[in-house]
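Structure record follows, encoded as structure tokens.
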Number of protein chains: 2
Amino acid sequence: MTASIRDVARRAQVSVGTVSNVLNTPEKVSPETRERVQSVIAQLGYVRNDAARKLRNGQSHTIGLIVLNGTNPFFTEIAQGAQNRALESGYTVLVGTSNENVKRENTLLSLFAEQQVAGILVSPTGDDLSPLCHLKDGKTPVVLVDRGAANCAFSAVACDDIYGGEVAAEHLLGTGKRKIAFVGGPITSSQISDRWQGAAKAVLKVPDATLRMIETTALTVTEGKRIGQEIAKLPVEKRPDAVFAANDLVALGMLQSLVFAKDIRIPEDIAVIGYDDISYAEFAIVPLTTMRQPAEKIGATSVELLLNAIERPRDKTRQITLKPELVVRAST
Amino acid sequence: MTASIRDVARRAQVSVGTVSNVLNTPEKVSPETRERVQSVIAQLGYVRNDAARKLRNGQSHTIGLIVLNGTNPFFTEIAQGAQNRALESGYTVLVGTSNENVKRENTLLSLFAEQQVAGILVSPTGDDLSPLCHLKDGKTPVVLVDRGAANCAFSAVACDDIYGGEVAAEHLLGTGKRKIAFVGGPITSSQISDRWQGAAKAVLKVPDATLRMIETTALTVTEGKRIGQEIAKLPVEKRPDAVFAANDLVALGMLQSLVFAKDIRIPEDIAVIGYDDISYAEFAIVPLTTMRQPAEKIGATSVELLLNAIERPRDKTRQITLKPELVVRAST
DNA sequence: AAAGTTTTATGAAACGTTTAAACGCCGTCT
DNA sequence: AGACGGCGTTTAAACGTTTCATAAAACTTT
């Protein structure tokens, strides 16, 4: 149906090998032949068959990326950063969303394996990294995104969530707040538990400060809204005077409920801080104070590490940790 | 390096054909053989080589999607809807972002062609659909997303932007506003010019109402902010009393500038309406009135049409038009 | 028991590309 | 004149599947 390298060869009166050379190593072909072949290629609208190519030389120029949530701007920015960096080196990125679902993550993983991806970028859902180790043994490089590697089995671009949690809590304490609620979950995810730990560390340093955990089932706007409503229903003395939301989505949802509760002013009665600094945090109903994570940079750096691992498989794995940064706005 | 179907065959003491049958048509293989083969597959951790598979039977189960802006939630929702629907039918979606750049769009197009995608979903950047026609002649089905097909060359899932523009403007006029500014651009994009036309239609029906165009270079938050500042700088009598932003991103940016201008109240002095109803519109500093587009449904429907075209190439192309819906919030 | 039918397994060809080795040609050097 | 090297080109094998024609074996029917 579509023109193949053989059709081009016939039409240009050369062998298939020569056409292939025009495509891959043009300097090996004499100028006249090269031009003749190129004009036939244009004429026929020939495009390389990537499947045959991949099959022949065993590796593709595609890398797989698995994010936790395809609609969270934090992750779409990571994806954007990754794609741009990958494109620079002639790689394509296949993006998949696990929705924090281990099964879906594994489906994607085997899909990627079937595609013979050159490497995989993954923000893992659970604590169990064994499917990934399995892949690694099979020689597919893997880089962990937004997650530290417990041991040094993987290269990783981590974000210092303990530090981030600490800074966030310190900021709330610094504005005079003492009854802090941490809203996030499920706590099984290491990002969340790290942020919690960081916050706990900061709170311990202030004698009369307290920290409590309000657990969500997912880090979504809807969950944030729900928790916000519950807090608004509480009698005034039982309410926290500050909320540390585990990400901006949750914070945005909470803001929404709290703002419309009639006896709550933000930040005077309840201050709210989020995490990630998604683009919409700035435009929220009350501009949201948050811990900025350099999402694009995370994506780009991950690709960088992965390309490294692809090209020099014997190199040691590398762990890069990026620090979040406090951005103060009206909500605190 | 990695196990192939031949390794499996040898280990299971059968021919390669049989292994292939176990994989593709298990009912043709006797239960004992099948189990033996399957256990060897598990043992060896064998995964199909998709490249070889594609090569052999000429078609892949991948479809390509090109969106205008990978960070606009409207498009990420379309992508989400498309992926989910595609997954149901065993297809994978390759998502690319053109950033409204014709060159990048063509790069992606040829990338997809090399991947032998089964079909392409595209929200085209310019008015020139000839590269797409070219593809179509090459028998790759193409479906236009968020864009009507001028003639019937393509199937398309369009959104009735003229109607949307009209409803939006009518709403503003209905709240007593008379000096309306349309903020959007570049006007070359058909979505934008349709919305503008719709608005013009509504304004014409009201004798003392005026409509003017303020052109942006891109539909981004940054551009919205800039225009907002310019409007705030204008002397009061020259200001519009209502703004129709061509999408929510622009609206959000404008809101940001206008809210912090000291002598402007929203919606009393200036009302703002957006377009798309991205999830963050609801949580904006002033909850944003907007025209809701059913993004997920657009994605899912597009895939539906595309699968149809893939399976029955001779069928007539179909045009589906979805209508947006007015969502009134505090900004008007 | 022979002929026919169904079930199950095999073997080889083909998909389109890349690549290493081989080849022929021409000019240069001994 | 013969050997040598470069250059440009061709040839053929390989990559891992699927498919289809064929063969062998196991039942059914006369």
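All chains are named by letter (A, B, ...) in the order of the sequence lines, taking the proteins before the strands, and each is independently numbered beginning at 1.
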Ignoring backbone atoms, test whether [X] places a side-chain nitrogen or oxygen under 4.0 Å from the OP1 or OP2 oxygen of [N].
| X | N | answer |
| --- | --- | --- |
| A/Asn24 | C/dT18 | yes |
| B/Thr33 | C/dA9 | yes |
| A/Arg48 | C/dT18 | yes |
| A/Ser20 | C/dT17 | no |
| B/Ser15 | C/dA9 | no |

Atom-to-atom span, [atom1] of [X] to [atom2] of [N] - whole angstrom:
| X | N | atom1 | atom2 | value |
| --- | --- | --- | --- | --- |
| A/Lys28 | C/dA21 | NZ | P | 12 Å |
| B/Leu55 | C/dA13 | CG | C1' | 13 Å |
| A/Arg56 | C/dT17 | CZ | C1' | 8 Å |
| B/Arg10 | C/dT10 | CZ | P | 14 Å |
| A/Arg53 | C/dC15 | CZ | C1' | 17 Å |
| A/Leu23 | C/dT18 | CG | P | 6 Å |
| B/Asn21 | D/dG16 | CG | C1' | 16 Å |
| A/Glu35 | D/dG8 | CD | C1' | 16 Å |

Could you check which of [options] has an atom nearest any side-chain atom of [X]?
| X | options | result |
| --- | --- | --- |
| B/Asn57 | C/dA9, D/dT18, D/dG16 | D/dT18 |
| B/Asn49 | D/dG16, D/dT10, D/dT18 | D/dG16 |
| B/Ala52 | D/dT9, D/dG16, D/dT19 | D/dG16 |
| A/Thr18 | C/dT10, D/dT10, D/dT19 | D/dT10 |
| B/Ile5 | D/dT17, C/dT17, D/dC15 | D/dT17 |

Looking across every strand, which nucleic acid part, if any, lies under 4.0 Å from [X] by heavy atom: base, sugar-phosphate, or nothing?
| X | value |
| --- | --- |
| A/Ser4 | sugar-phosphate |
| A/Asp50 | nothing |
| A/Ser30 | sugar-phosphate |

Would the distance check show the side chain of [X] and the main-chain N or O of [Y] forming a donor-acceptor pair, the cut-off being under 3.5 Å?
| X | Y | value |
| --- | --- | --- |
| B/Arg85 | B/Val303 | no |
| B/Asn69 | B/Thr71 | yes |
| B/Arg147 | B/Ser190 | no |

Apply the test side-chain contact (heavy atoms from CB on, under 4.5 Å) to residues B/Val93 and B/Leu121: give CA-CA distance (whole Å), side-chain angles for both, the deciding distance (0.1 Å), then the verdict. CA-CA 10 Å; B/Val93 182; B/Leu121 254 31; 5.9 Å; no
Side-chain contact test, heavy atoms from C-beta onward, threshold under 4.5 Å: evaluate it for A/Phe154 versus A/Leu144 and give yes or no. yes
Say whether B/Gln116 and B/Ser60, considering side chains only, have a donor N or O and an acceptor N or O under 3.5 Å apart. no
Closest-nucleotide 5' rank along DNA chain D - winner of A/Gly17 and A/Glu27: A/Glu27
